[in-house]
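Below: one structure, written as structure tokens.
Naming: A, B, ... by sequence-line order, numbering from 1 per chain. Side chains are part of it too, since the values below use all heavy atoms of this structure and drop only hydrogens, waters and symmetry mates.
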Protein chains: 2
Amino acid sequence: MKRKPSEVPHISIERLILYRRCLLKLSCSEVFHVSSAVLGRITNVKPANIRKDLSYVGEYGKPGYGYEIDKLLAVIEKIIGINKLQRVIVVGVGNIGEALLCYQDWAARGFEIAGAFDKDRRKMGRVINGIEVRGDSEVLPFVKKEGIEIAILATPTEITQSKVNELAHGGMRGFYVFSPIVIDVPGGCYVENIDMISPLEFLVYRLKNKISK
Amino acid sequence: MKRKPSEVPHISIERLILYRRCLLKLSCSEVFHVSSAVLGRITNVKPANIRKDLSYVGEYGKPGYGYEIDKLLAVIEKIIGINKLQRVIVVGVGNIGEALLCYQDWAARGFEIAGAFDKDRRKMGRVINGIEVRGDSEVLPFVKKEGIEIAILATPTEITQSKVNELAHGGMRGFYVFSPIVIDVPGGCYVENIDMISPLEFLVYRLKNKISK
DNA sequence: TTTCATTTGTGAACATTTTAACAAACTTGA
DNA sequence: TCAAGTTTGTTAAAATGTTCACAAATGAAA
Ligand SMILES: NC(=O)c1ccc[n+]([C@@H]2O[C@H](COP(=O)([O-])OP(=O)(O)OC[C@H]3O[C@@H](n4cnc5c(N)ncnc54)[C@H](O)[C@@H]3O)[C@@H](O)[C@H]2O)c1
Ligand SMILES: NC(=O)c1ccc[n+]([C@@H]2O[C@H](COP(=O)([O-])OP(=O)(O)OC[C@H]3O[C@@H](n4cnc5c(N)ncnc54)[C@H](O)[C@@H]3O)[C@@H](O)[C@H]2O)c1
């Protein structure tokens, strides 16, 4: 029941991303194929659910054998669109921004931090993990020149929305935002938001009510 | 249609957490009540959905008027279990751990970082944002003495699972884990996991396929 | 080659979640 | 006090997501 990528349920895409993460690890070992049962044990997803997710993107498994890991990885990465390197920028090099610059696995996940920007003069010019922090005013020329479409925002909550507006106006299309607020973007732009604290609040709820998920 | 808390759909709980975040901001302004229509505009959730979520936890709205913000906040916080201060520890004071210690809004969200632990001698003894970093070996006595039930883990991916095992064995019940791996916990323990990179991968997919959510 | 044990892909049943619609309840202002 | 306007809580229908169960396909062993 192969569908066009845009018709794959969002929730299946989210699981595909999870499968990929686990497959990447498997592919470093001496295993070359994996069954939905085994992948299910690794990911905590029911095998039938995995097979259905994978059926949306084509038929890549062999009965009695399972899925070839490398082939499956390639297919998932193609569907998600991370089969080629994604170059992104980081705006706001504070606590979170600096942690992101120091993250070691960007390349393994298919990303490259092409540039980092902060308006604080004390941060400008610093080189963190090989990435130079530039002045905030350089961001628009930079992304235009480098053809960057995605920005990660780790700016103070109060200024994040206006920063998004400014970047969207300058042609930025995707925003990954760490501020715990609901962000508006103009048409043709897309935003993903994480609130790093919400899952902790959910954990408190689960603990209190003994909910195992 | 009031249910026991444990029967409120998980997805409604997640939205309650979102509502709370927005209500907290509203409560700082001069507004005292809010309708599902207005809250819907703020949160990007359809009003009917909001009313249904709230109906699971009781009837707190007045027709023709809306919901009293303070009352609603109290109810949501009671349901989630964050009506009293939650004391947690941070294990692993690297990039993420340090960012967490520096986060300014813990108190506003109902949390307190009661302690921080790292095994690196260079970090031990440092005081970050008023929180002393202790040696890793002190963690079990500390949590026993202080009655801490929840740990935030920002340790290197390779050691996170074993750290969870150790803490679970020592009586820790809830784990909030930043390593991008699936974590196993013994019965009676609960884990929430975030992979800070996955949402970015999802953003790439949405951008490629023009999916507005 | 044949048999046996696996495992896929999928249709159908089941479960959950969202949405629309509206009577009833409340506020406001005349 | 009453009428007009607003907004809730709830029902039922629609939409979406999960799980089951099994025929068909394949690999592996004899
Ligand atoms: N630190 C955490 O653990 C944590 C946890 C949850 C959420 N958050 C959220 O993440 C966001 C970032 O948090 P943080 O702790 O890294 O903040 P931070 O204050 O440490 O860093 C913000 C950085 O943005 C820079 N900045 C300010 N205005 C700018 C501009 N116009 N252009 C470019 N850079 C600018 C500042 O100079 C600073 O370096 C905040 O919205 C915060 O609420 C952080
Ligand atoms: N940095 C990021 O932006 C980022 C992004 C995505 C995911 N993550 C994940 O978050 C986790 C933490 O990342 P990080 O960048 O903060 O790592 P980090 O290496 O900067 O910090 C890890 C800290 O844990 C300490 N540690 C090691 N063993 C310990 C032990 N047994 N007990 C206590 N402390 C111990 C180390 O001394 C170090 O200070 C990793 O799993 C990483 O993959 C980080």
Q: Kindly say if B:Ser36 contacts the phosphate of D:dT7, meaning a side-chain N or O under 4.0 Å from OP1 or OP2.
A: no
Q. Taking atom C1' of C:dT7 as reference, at what distance in whole Å does atom OH of A:Tyr60 sit?
A. 19 Å
**Q.** Comparing B:His33 and B:Pro63 on DNA chain C - which has the more 5′ nearest nucleotide
**A.** B:Pro63
Q. Which residue, A:Gly64 or A:Arg15, contacts DNA chain D at a nucleotide closer to its 5' end, judged by nearest heavy atom?
A. A:Arg15
Q) Rounded to whole angstroms, how far apart are NE2 on A:His10 and P on C:dT18? A) 14 Å
Q: Answer with base, sugar-phosphate or nothing: what part of the nucleic acid does B:Ser12 contact at a heavy-atom distance below 4.0 Å?
A: nothing
(Q) What's the separation between atom CD1 in A:Ile80 and atom CD in A:Glu14, rounded to the nearest 0.5 Å? (A) 10.5 Å
Q: Mind checking the CG-CE spacing from A:Leu153 to A:Met172? Nearest 0.5 Å is all I need.
A: 8.5 Å
Q) Between atom CZ in A:Arg51 and atom P in C:dG11, what is the gap in whole Å? A) 14 Å
**Q.** Options D:dT18, C:dT19, C:dT17, nucleotide nearest the side-chain atoms of A:Tyr56
**A.** D:dT18
Q) To the nearest Å, how far apart are A:Lys52 NZ and C:dT10 P? A) 8 Å
Q) With a 6.0 Å cut-off on ring centres, are B:Tyr65 and B:Tyr67 close enough? A) no
(Q) Output the rounded distance in Å from OH (A:Tyr67) to P (D:dG27). (A) 15 Å
Q) Rounded to the Å, how far apart are B:Lys46 NZ and D:dT7 P? A) 19 Å
**Q.** Spacing of CZ belonging to B:Arg21 relative to CG belonging to B:Asp105, to within rounding of 0.5 Å
**A.** 11.0 Å
Q. What integer distance in Å separates B:Lys62:NZ from D:dG9:P?
A. 12 Å
Q. CG of B:Asn44 to CZ of B:Arg15: how many Å apart, nearest 0.5 Å?
A. 12.5 Å
(Q) Side chain of A:Ala48, heavy atoms from C-beta onward: which of D:dC20, C:dT17, C:dT27 has the nearest atom to it? (A) D:dC20
Q) To the nearest angstrom, how far is A:Arg41 atom CZ from C:dT7 atom C1'? A) 13 Å
